[in-house]
Amino acid sequence: MRIALVDVNNCYVSCERVFNPSLEGKPMVVLSNNDGCVVARSAEVKALGVPMGEPWFKIRHLARKHGIVAYSSNYALYADMSNRFMSVISTFTPNFEIYSIDECFLDLSGFPSGLTDYAQGIRKKVRQWVGLPVSIGIGSTKTLAKLANHVAKKRPEWNGVCDLSTLSPFEQEKLFAEIGVGEVWGVGRRLRESLNALGILTVKDLKHADSGRIRKRFSVVLERTVQELNGVPCLVLEAIAPNKQQIMSSRSFGQPIHSLQQLEESVTLYVARAAKKLRSQGSVAGGIQVHIRTNPFKPEDPQYSQGMIVPLAESTDDTLKLTRSALFGLKRIFRPGYAYAKAGIMLVEISPKGQEPVDLFADVETMQRRTNLMGVMDAINHRYGKNTVGPGICGIAERRAWSMKRGNKMPAYTTDWNELAIVRA
DNA sequence: GCTAAATTCAGAC
DNA sequence: CTAACGGTCTGAATTTAGC
């Protein structure tokens with residue numbers, strides 16, 4: 001097996017720079033929803049030691065001092081850039097897995113050797129056609145490809161492409177001994193600490209750890225990681241994305257809200273969003289979970305956090321039915337007198353549509369009409385922009401007190417004609 | 001004491 | 001001037017519930 005991992009460098013930052021090249025070389029970050037945390041950092045900001053996920057207000061002083069530019073995140077833009085990126089990748093091989101918004105695994109088994117040049121060709125084409133810089137790691141398993149990608153990113157001498165098969169076993173061992181075990185895919189902060197305590201400090205240490213002992217002391221998951229480091233594939237490339245088993249939509253509010261009615265508005269909007277995703281993958285949900293909570297970062301305020309799952313009599317993809325169930329649950333868990341910071345819903349027990357047990361008493365005509373209504377609604381929203389039509393209860397966007405804060409969002413150049421018009425004017 | 005279901009944990013990005 | 005901290009998803013492990 002030969003697997004390549006192609007990964008966009010500093011993805012969101014790079015996307016913004018495509019449309020604003022003057023940002024090139026400047027320290028910049030992209031912030032999460034509500035301008036809360038740093039979710040992407042340029043190389044210049046990483047060099048300043050700003051960690052991933054850092055709350056923006058905590059680095060405000062640093063930002064002022066070094067002139068860090070902060071952008072609100074624009075997920076519509078990133079999704080569009082991601083699609084372009086993936087379609088360029090698809091010109092190289094049909095057999096690839098979209099792993100996340102900014103990375104994909106390519107199965108290059110059976111390709112002629114000398115993959116470094118081939119990978120450089122991929123980099124060049126993505127840069128030319130989409131404008132994004134990528135790094136590429138190549139190895140005999142997914143875990144090794146990931147690791148190689150890390151090397152390609154961190155070590156300039158590799159020039160953005162690291163094919164581990166170009167190293168002798170001796171050179172590979174030497175390299176692995178220089179990399180901390182925490183860089184391995186699947187080893188997070190906690191596992192790193194436990195492994196370190198056992199004297200497993202580097203990738204090399206983990207590679208040579210006794211896999212039976214690892215399984216006993218940790219889990220099958222980590223055992224598989226050890227196998228993969230040794231070139232034994234345990235993870236397969238999933239060219240076809242499996243349907244989601246749960247679909248979640250939740251948001252923190254731009255400001256705390258207190259009334260049931262405002263929570264109802266937000267929950268209604270989240271259900272509409274999730275139900276649309278549900279329909280787009282051709283599924284129905286058997287239950288819906290609702291949750292609300294106050295702000296845990298304000299311990300001086302009275303705290304409340306509650307959720308409940310509302311089972312549905314029969315599985316459905318109908319926004320209105322799902323909304324009714326969600327609002328029923330919301331009423332049950334709502335307690336007055338709290339400053340709510342966040343609400344969300346989750347669709348659960350998801351199964352393919354059309355395989356539900358037949359309900360002999362169902363009103364076929366009403367169901368048919370309802371199905372058509374959902375189809376028309378999705379079509380209108382696609383044609384005229386999202387949120388053109390939807391359940392009335394979610395309120396008019398401009399009047400929602402709870403909407404997200406996005407202080408410095410740039411126009412959605414590629415995805416919204418209205419925003420493009422503003423730029424023209 | 002078993003199995004199934006629910007919940008928690010850990011990780012990725 | 002101050003206060004300000006993301007969102008989705010998976011799969012395994014662990015706990016709990018029901019018998």
Side-chain angles (χ1 to χ4, degrees), chain A residues 5 7-13 29-41 50-61 63 70 72-75 78-79 82 97-105 142-143 146 149-150 153 181-195 215-225 234-235 238 241-256 270 273-274 277-278 281 286-287 289 291 293-301 307-309 311 339 341-350 404-407:
Chain A
L5 177 69
D7 190 320
V8 179
N9 303 340
N10 318 329
C11 181
Y12 300 165
V13 162
V29 296
V30 173
L31 302 176
S32 66
N33 283 335
N34 276 315
D35 295 342
C37 302
V38 172
V39 292
R41 305 154 294 160
V50 174
M52 179 67 167
E54 187 76 343
W56 171 234
F57 73 89
K58 284 191 181 172
I59 59 159
R60 213 43 202 277
H61 63 287
S72 304
S73 44
N74 181 353
Y75 288 103
Y78 312 145
S82 176
E97 170 186 339
I98 298 175
Y99 177 70
S100 74
I101 191 163
D102 75 328
E103 59 191 294
C104 56
F105 289 102
K142 281 179 153 186
T143 304
K146 269 263 184 193
N149 188 276
H150 168 80
K153 272 209 167 77
V181 71
E183 304 301 337
V184 174
W185 190 32
V187 178
R189 198 168 44 86
R190 292 180 76 127
L191 273 179
R192 186 192 64 217
E193 276 164 25
S194 309
L195 288 166
R215 179 181 193 141
K216 211 165 162 204
R217 175 74 175 70
F218 297 94
S219 66
V220 285
V221 181
L222 194 60
E223 186 199 15
R224 288 205 273 258
T225 297
C234 301
L235 306 171
E238 313 231 24
N243 282 344
K244 303 243 177 294
Q245 300 174 8
Q246 3 176 269
I247 295 172
M248 180 146 153
S249 178
S250 77
R251 286 287 181 287
S252 302
F253 305 125
Q255 56 189 72
Y270 304 153
R273 227 180 253 155
K277 258 195 212 171
L278 183 72
Q281 71 167 34
Q289 191 255 17
H291 54 96
R293 70 157 169 76
T294 50
N295 185 350
F297 297 104
K298 274 189 155 188
E300 67 274 19
D301 282 5
M308 88 175 265
I309 293 183
K342 181 178 177 178
I345 66 99
M346 181 161 71
L347 303 178
V348 298
E349 281 164 59
I350 291 175
M404 291 189 301
K405 279 185 289 201
R406 298 214 281 188

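Values reported hereafter were calculated over all heavy atoms of this structure, with side chains retained and with hydrogens, waters and symmetry mates removed. Order of the sequence lines sets the chain letters (A, B, ...), proteins ahead of strands, with each chain counted from 1.
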So if I take every side-chain heavy atom of A:Q245 and compare against C:dT10, C:dC9, B:dG11, which nucleotide ends up nearest?
C:dT10

Donor-acceptor contact present, side-chain A:N34 to main-chain A:S252, <3.5 Å
yes

Check for a donor-acceptor pair, side chain of A:S73 on one end and backbone N or O of A:L31 on the other, with a separation under 3.5 Å.
yes

Rounded to whole Å, please give me the gap between CD in A:E54 and P in C:dG6.
13 Å

Backbone N/O of A:A274 and side chain of A:S249: donor-acceptor pair under 3.5 Å:
no

So, the side chain of A:Q281 versus the backbone of A:K244: is there a donor-acceptor pair under 3.5 Å, distance only?
yes

Would the distance check show the side chain of A:E97 and the main-chain N or O of A:E238 forming a donor-acceptor pair, the cut-off being under 3.5 Å?
yes

So what does A:L31 touch, heavy atoms closer than 4.0 Å: a base, only the sugar-phosphate, or nothing?
nothing

Can you check the distance between C:dC5 and B:dA12, where both ends of the measurement are the P atom (answer in whole Å)?
25 Å

Donor-acceptor contact present, side-chain A:D102 to main-chain A:C11, <3.5 Å
no

Length of the line joining A:L191:CG and B:dC9:P, which is rounded to integer Å
14 Å

Given C:dA12, C:dG6, C:dC9, identify the nucleotide with an atom nearest to the side chain of A:I247.
C:dC9

Presence of A:Q255 side-chain N/O under 4.0 Å of C:dA4 phosphate oxygens OP1/OP2
no

Counting side-chain heavy atoms from CB outward, which of C:dC5, C:dA12, C:dG7 is closest to A:K58?
C:dC5

Assuming nearest nucleotide by heavy-atom distance, tell me which of A:Q246 and A:R215 is located more 5' along DNA chain C.
A:Q246

Counting just side-chain N and O atoms, does A:K342 come under 4.0 Å of either OP1 or OP2 of C:dC5?
no

One should read off an interatomic distance between A:R273 CZ and A:R251 CZ, to the nearest 0.5 angstrom, of 4.5 Å

More than 12 heavy atoms of other residues, nucleotides or ligands under 6.0 Å from CZ of A:R215: yes or no?
no

So what's the dot-bracket for DNA chain C: Watson-Crick or G-U pairs under 3.5 Å, [ ] if a pair crosses, | if it pairs off-strand?
......|||||||||||||

Whole angstrom value for the distance that separates C1' of B:dA12 from CG of A:D102
11 Å

Protein-nucleotide distance (A:F253, atom CZ; C:dA4, atom P), rounded to Å:
16 Å

What is the distance, to the nearest angstrom, from the CZ atom on A:R217 to the P atom on B:dA10?
12 Å

What's the closest nucleotide to the side chain of A:S219 if the choices are C:dC5, B:dA12, C:dA12?
C:dA12

Pick base, sugar-phosphate or nothing for A:I101, based on heavy-atom distances below 4.0 Å to the nucleic acid.
nothing

Nucleotide B:dG11, atom P - distance to CE of A:M52 in whole Å
16 Å

Just the rounded figure in Å: distance from P of C:dT8 to CG of A:N243.
18 Å

Compare the minimum distances between each of C:dG7, C:dC9, C:dG6 and the side chain of A:M248, then state the nucleotide with the smallest one.
C:dC9

Which is true for A:V8 with a 4.0 Å heavy-atom rule: it touches a base, it touches only sugar-phosphate, or it touches nothing?
nothing

Please classify the nucleic acid contact of A:W185 as base, sugar-phosphate, or nothing, using heavy-atom distances under 4.0 Å.
sugar-phosphate

Compare the minimum distances between each of C:dG7, C:dA4, C:dC9 and the side chain of A:R60, then state the nucleotide with the smallest one.
C:dA4

Using a cut-off of strictly less than 4.0 Å, decide whether A:S252 has a side-chain nitrogen or oxygen near OP1 or OP2 of C:dG7.
yes

Can you see if the side chain of A:K298 gets near the phosphate of C:dC5 - specifically, an N or O under 4.0 Å from OP1 or OP2?
no

Determine yes or no for a side-chain-to-main-chain donor-acceptor pair under 3.5 angstrom, with A:S82 supplying the side chain and A:I101 the backbone.
yes

Looking at A:N34, does any N or O in its side chain come under 4.0 Å of the phosphate oxygens OP1/OP2 on C:dA4?
no

Map A:S249 and A:E238 onto DNA chain C by nearest heavy atom, then report which one ends up closer to the 5' terminus.
A:S249

Against the side chain of A:R190, the closest entry in B:dG11, C:dA12, C:dC9 is B:dG11

Please state how far atom NZ in A:K244 lies from atom P in C:dG7, giving the value in whole angstrom units.
18 Å

Within the 4.0 Å heavy-atom criterion, would you say A:R192 contacts the bases, only the backbone, or no part of the nucleic acid?
nothing

